[in-house]
Amino acid sequence: MQLLTNRSKVVVNKEMTLMEKLYIPAIFGGMMITIKHLFRKKVTIQYPEQKREFSKVYRGKHILKRDEQGRENCTACGLCAVSCPAEAITMVAAERKKGEEHLYREEKYAANYEINMLRCIFCGLCEEACPKDAIYLTEELMPANYDRSNFIYGKDKLVQPLGTSAHPKTYKPYTK
Amino acid sequence: MSKNAIQYVYHPENFDKSDPLLTQLSDLKSQEMIINLGPQHPSTHGVLRLEVVTDGEMIVKVIPHMGYLHRCFEKHAENLPYNQIIPFVDRLDYAAAMNSEHIYAMGVERMLGIEKNIPPRIEYIRVLVAELNRLSSHFLGVGAYAMDIGAFTPFLWMMRDREHINRLLEWVSGARMLYNYIWIGGLYYDLPVGFEARCLEFVHYLKPRLVELQKLVMENQIFIHRTANIGVLPLDMAINYGVTGPMLRASGLRYDLRKVDAYSVYPEIDFDIPIGEGKMGQVGDCWDRTSVRVEECWQSLRIIEQCIEKLTSVHARTNAFDPQAMLPKKIRPQKMDFYCRGESPKGELGFFFRHNTNFDIPARCKVRSPCFSNLSVISEITQGAMLADLIAILGSVDFIMGEVDR
């Protein structure tokens with residue numbers, strides 16, 4: 001069989017000149033490049049201390065938003081769960097009782113809202129589907145954990161804490 | 001140990017059942033030897049396992065074993081609506097997600113018959129981001145290839161330049177690699193304000209870097225000695241194996257689906273197709289393949305410049321422009337079989353859809369992946385090569401295992 005690869009090559013061993021034999025100009029030239037790079041702007045950052053700026057539309061950890069009066073926006077309509085390609089979202093709806101008007105904005109609310117962060121692929125379709133501006137993907141990164149069960153985020157981790165202002169990510173260029 | 005803890009039981013016979021060797025030990029000649037390369041090997045670019053039969057340093061046979069990164073994309077797509085498949089299309093070729101998305105969205109739009117209604121600004125943005133991602137993919141390919149054959153600096157330099165593209169695309173879409181940006185009938189967002197200027201700045205930044213790359217890698221004597229005349233792929237064999245993309249062009253055929261099919265706005269854009277000319281060795285060797293990728297970076301820069309020029313003049317940003325205005329309310333194609341293809345950085349990426357229900361879920365979504373076809377030719381072109389050249393040949397194919405296994 002004829003071989004497709006032809007590696008036979010003529011090797012030329014050229015006599016080096018005196019300057020080349022000394023190697024000093026070559027070492028000096030190489031060192032100059034190294035020194036030049038010392039004074040360039042660094043392309044890396046010291047991560048835990050320094051954090052880089054994220055894009056305004058960055059898709060990180062989810063948040064369930066409250067409105068200006070601290071009431072939860074989510075009405076447990078289930079559109080996010082339907083639109084989720086990874087089937088990561090589950091929820092249980094409940095009816096608002098008398099005296100809970102300061103907690104929930106509308107008559108229906110999510111008694112239980114869970115996102116399985118191991119399934120979530122951070123595509124942002126839940127944010128797109130939400131008609132009540134309730135779920136947003138924030139600029140926070142998902143922290144690691146030692147236990148798989150800790151990745152199922154309930155309302156305790158997802159709902160925006162009371163007293164905090166609306167999350168900085170309110171950039172939604174196109175409202176339908 | 002608690003009662004429910006899983007105890008590992010060692011069953012040696014299961015190893016043979018899971019992914020057996022295809023060569024029988026009894027068939028080997030006395031001097032031949034089986035070497036198992038991978039699946040956990042840094043230079044196989046992921047989880048590829050190669051069964052190599054060697055005769056001393058010479059390779060007799062290479063058998064690729066695939067499927068270690070199989071994620072059931074095609075089966076998964078049969079259970080999802082068309083618009084929800086897009087995030088998973090990203091994950092096929094994770095180094096060039098925008099190109100995959102572009103081709104996928106184009107296919108579904110043609111099935112729906114709305115591809116003529118897409119505003120030109122949307123198409124130009126799609127081409128712009130796809131070409132940015134093509135640059136990013138070629139950088140990864142060339143950088144990782146240089147690292148495979150022993151040069152560490154180009155890899156870091158390519159990663160440095162690639163970071164700019166990742167940041168640009170993050171600014172546009174909100175994610176660094178898996179964008180979910182190009183939707184059926186539109187886009188997730190419009191370009192952010194100031195993107196065009198920043199992108200042009202990046203193009204000017206990149207041009208000297210590409211010259212640097214040319215000097216550092218392509219004209220490097222060690223690189224030339226490692227790649228020239230190695231893994232020569234003749235044109236007839238390339239065509240017979242269905243090889244596409246830079247690999248086919250390196251073998252000397254001027255075949256690029258952006259020109260052949262003239263999809264999207266590519267016919268309005270002026271660019272060339274670089275082919276392998278055998279400058280350092282024979283036509284179709286590893287050096288040619290890498291050279292075609294580097295030349296394509298220059299062409300991508302040209303396309304990006306022209307796109308920005310159009311996006312700031314003829315199809316400039318207006319307040320009335322809504323990238324989601326054309327999104328179809330219901331995705332209900334006719335009952336049909338449809339194949340749509342396009343040029344991804346690795347070659348011809350095609351999606352075959354079979355739609356036979358009244359729902360928005362495809363009955364079949366087959367991916368024609370360029371990496372898979374390109375990879376299948378290595379058992380031919382490695383025959384008679386040295387064992388050390390196997391890594392050089394493997395790297396020059398520039399495959400992504402996520403697309404090979406799907």
Side-chain angles (χ1 to χ4, degrees), chain A residues 1-12 14 30 33-34 36-37 40-45 52-62 79-89 119-129 136-139 141-142 169 171-176, chain B residues 58-59 76 79-81 83-88 90-91 156-157 159-161 163-164 167-176 178-181 183 186 188-190 192-193 225 228-234 237 281-282 284-285 321-325 327 380-386 389 393:
Chain A
M1 196 196 75
Q2 196 203 346
L3 297 180
L4 290 166
T5 301
N6 173 27
R7 278 226 71 177
S8 62
K9 213 175 278 172
V10 184
V11 182
V12 183
K14 197 174 59 125
I33 295 173
T34 312
K36 217 161 61 185
H37 274 84
R40 288 227 185 124
K41 187 173 175 286
K42 288 175 185 61
V43 290
T44 50
I45 54 167
R52 72 181 178 88
E53 203 185 329
F54 285 111
S55 118
K56 277 180 180 164
V57 291
Y58 191 80
R59 302 196 296 261
K61 205 186 111 188
H62 308 68
L79 279 177
C80 47
V82 170
S83 73
C84 180
E87 297 173 12
I89 304 176
R119 291 195 69 108
C120 178
I121 56 172
F122 300 96
C123 60
L125 287 179
C126 48
E127 185 186 292
E128 254 331 281
Y136 271 90
L137 276 78
T138 63
E139 295 170 19
L141 295 173
M142 270 293 304
K169 186 182 173 184
Y171 176 81
K172 203 165 189 185
Y174 309 104
T175 44
K176 279 176 234 90
Chain B
M58 308 290 277
I59 289 166
H76 201 165
N79 295 295
L80 286 173
N83 57 339
Q84 292 183 16
I85 299 174
I86 295 177
F88 297 105
D90 287 344
R91 283 155 176 81
L156 291 181
W157 286 19
M159 279 292 166
R160 176 195 66 192
D161 297 337
E163 183 64 24
H164 291 275
R167 293 273 178 92
L168 278 175
L169 292 178
E170 184 200 311
W171 191 16
V172 173
S173 69
R176 283 165 57 83
L178 307 163
Y179 309 106
N180 187 18
Y181 179 62
W183 285 0
Y188 201 153
Y189 304 109
D190 192 4
V193 177
H225 278 264
N229 285 325
I230 306 293
V232 179
L233 175 64
M237 184 183 284
Q282 295 172 41
D285 57 6
F321 175 71
D322 179 0
Q324 300 187 359
L327 294 187
E380 289 282 348
I381 60 177
T382 48
Q383 276 188 6
M386 308 287 273
D389 294 338
I393 294 167

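Numbered from 1 within each chain, the chains take letters A, B, ... in sequence-line order.
The structure places CG of Leu125(A) at 8.0 Å from CD1 of Ile86(B), a figure rounded to the nearest 0.5 Å. Here the straight-line distance linking atom OG of Ser55(A) with atom CZ of Arg167(B) works out to 11.0 Å at 0.5 Å rounding.
Judged as a ring pair (Phe, Tyr, Trp, His ring centres under 6.0 Å), and not counting sequence neighbours, Tyr181(B) has no contacts. Qualifying side chain to side chain donor-acceptor pair (under 3.5 Å) partners for Asp90(B), counting only residues two or more places apart in sequence or in other chains: none.
When every heavy atom of Ser173(B) is checked against every heavy atom of Val57(A), the shortest pair comes out as C-CG2, 3.9 Å.
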Inset, instruction - Applying side-chain contact (heavy atoms from CB on, under 4.5 Å), run through Leu178(B) and Phe122(A) and close with a yes or a no. - result: CA-CA 9 Å; Leu178(B) 307 163; Phe122(A) 300 96; over 6 Å; no
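Partner Glu170(B) forms a salt bridge (Lys or Arg N to Asp or Glu O under 4.0 Å) with one of Lys56(A), Arg52(A), Arg59(A) and no other, that one being Arg52(A).
Counting heavy-atom pairs closer than 4.5 Å to chain A, the top residue among Glu163(B), Arg160(B), Arg91(B) is Arg91(B).
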